[in-house]
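Note sheet for the following structure.
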Amino acid sequence: MTTPVFDSPDAARRRRSAKWRTHPADVLPMFVAEMDVALAPPVQRVLADAVAGSDTGYAMAVPALGEALAGFAERRWGWTIDPGRVAPVPDVGVGMVEVLRLLGAAGRPVVFSPPVYSPFWNWVAEVGGQAVEVPLTDDGSWRLDLPALELAFAQRPAAYLLCNPHNPVGWVPGPAELAALVELATRYGVPLVSDEIHAPLTLPGETVTPLLTVPGAADVALAVVSASKAFNLAGLKCAAVVSGSAPMQAVLERMPPDVRWRPGHLGVLASIAAFTDADAWLDALRGALADRFDVLGHLLAEQLPQVRWRRPQATFLAWLDCREVGEGDAPFQQFLDRGRVAVEPGLKFGAPGSGFVRLNVGTSPELLTEGVARMATALR
Ligand SMILES: Cc1ncc(COP(=O)(O)O)c(C=O)c1O
């Protein structure tokens, strides 16, 4: 049985994770990027067996995690990873912060492109770097602003942080654009760090280009990956930093030795099962998410015609243009106060998010329908 099963509304409300316990019970949470999906059966089995056997000690991620990831990357994207160049970390956030430290970001500029996942600012601040924003451009499709990036790269920043695919807009940068980014990075000597946590979650028909598969990228880039977003394992704590060349591996090998002890054992076991045995489940999930976006499109057209949106290429997140409702965080606040539905305020993702909200559709059709109905009620 590979079809993903989404919680009924009652079952979802019994969850105790951040999504379900941050707000009072009368608020429908559609904010933080967790899905209300049952674990893939191979993941359920490995976790149940571990608990039944009291197998809850420290993680032993090397080499099994890298081998499982390498198999997954080869099958899904034709990306050849050397398992010996995979460094386990507890989560993508820790991976990004540790890499920024290794790249000497303290006191130096670090460039990235809003609207983007809000911890990008926090990660740079955590290592004492200076955030330099070069927003995406939007001419009907999203793009990197390559001329502006060139100006920023000429200042020799410590790194450029890529979000591939891009949260919150669900955009998948194409190979030509990534090649242009790699060319700039090579020319100016700027390391690239690619957050690829959403890469397994392309919608059917869309293809992600892992940055390290772009010619020349391996010499200047590191990727940070995880099974946690696609397989809903965020609380189990397992991710990995991947290098693809001797020079970047030399950077990775300076990672403090204790970091390898910090991933969760259950997270490592679950990630290995997910990377090894759950391709069919993942494909069915991608199909289910495409259905959700279909439903969302119909519901918005019927009930919230003033909200504009573009179907994403990846993720389970919808970036909704609510500027007809108000600027800044006004739409978010109105949805929360009057509709009792919690979405993410667009400004959290940087200044271009003024008047936008991010809606999480990784739930049952019933709760998605209820969420949009609550948003519509809020505007009445
Ligand atoms: C782009 C992006 N990076 C990182 C994370 C967080 O990952 P982790 O929980 O592994 O730190 C998220 C979570 O939604 C995300 O969307």
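All ligand and atom numbering here is 1-based and tracks the order in the structure.
- Distance from atom 11 (O) of ligand 1 to its nearest protein heavy atom, with residue and atom name: G93 N, 2.9 Å.
- Cation-pi check for R358 over Y117 is not met; the charged atom does not lie both under 6.0 angstrom from the ring centroid and within 45 degrees of its normal.
- The shortest N/O to N/O separation between V92 and ligand 1 falls below 3.5 Å.
- Proximity of a side-chain donor or acceptor of H198 to a complementary backbone N or O of H166 within less than 3.5 Å is not detected.
- Just one residue in the list W319, F356, F120 forms a ring-ring contact (aromatic ring centres under 6.0 Å, His included) with F349, and that residue is W319.
- The closest protein non-hydrogen atom to atom 1 (C) of ligand 1 is D195 OD2, 3.3 Å.
- Under a 4.0 Å heavy-atom criterion, C163 is in contact with ligand 1.
- Of the protein's heavy atoms, I197 CD1, 3.3 Å lies nearest to atom 7 (O) of ligand 1.
- Between the side chain of R338 and the main chain of Q334, no donor-acceptor pair closer than 3.5 Å is present.
- Contact between G346 and D329 at its shortest, heavy atoms only, is N-OD1, 4.4 Å.
- Of the protein's non-hydrogen atoms, the one nearest atom 6 (C) of ligand 1 is Y117 OH, 3.1 Å.
- Which parts of ligand 1 touch A33 is read off a 4.0 Å heavy-atom cut-off, strictly below it: atoms 14 (O).
- Counting only heavy atoms of the protein, atom 9 (O) of ligand 1 lies nearest to D91 CB, 4.2 Å.
- Under the 30°/60° scheme for interplanar angles, the aromatic rings of W309 and F293 are found to lie parallel.
- At least one N or O atom of N167 sits closer than 3.5 Å to an N or O atom of ligand 1.
- Considering backbone and side-chain N/O of K229, one or more are found under 3.5 Å from N/O of ligand 1.
- Without hydrogens or angle criteria, R156 side chain to Y188 main chain gives a donor-acceptor distance under 3.5 Å.
- For H198, every heavy-atom contact with ligand 1 shorter than 4.0 Å involves the side chain, none the backbone.
- With respect to N360, the side chain to side chain contact (heavy atoms under 4.5 Å, CB included) criterion is satisfied by exactly one of K19, R292, E344: K19.
- At a heavy-atom distance under 4.0 Å, no atom of A239 approaches ligand 1.
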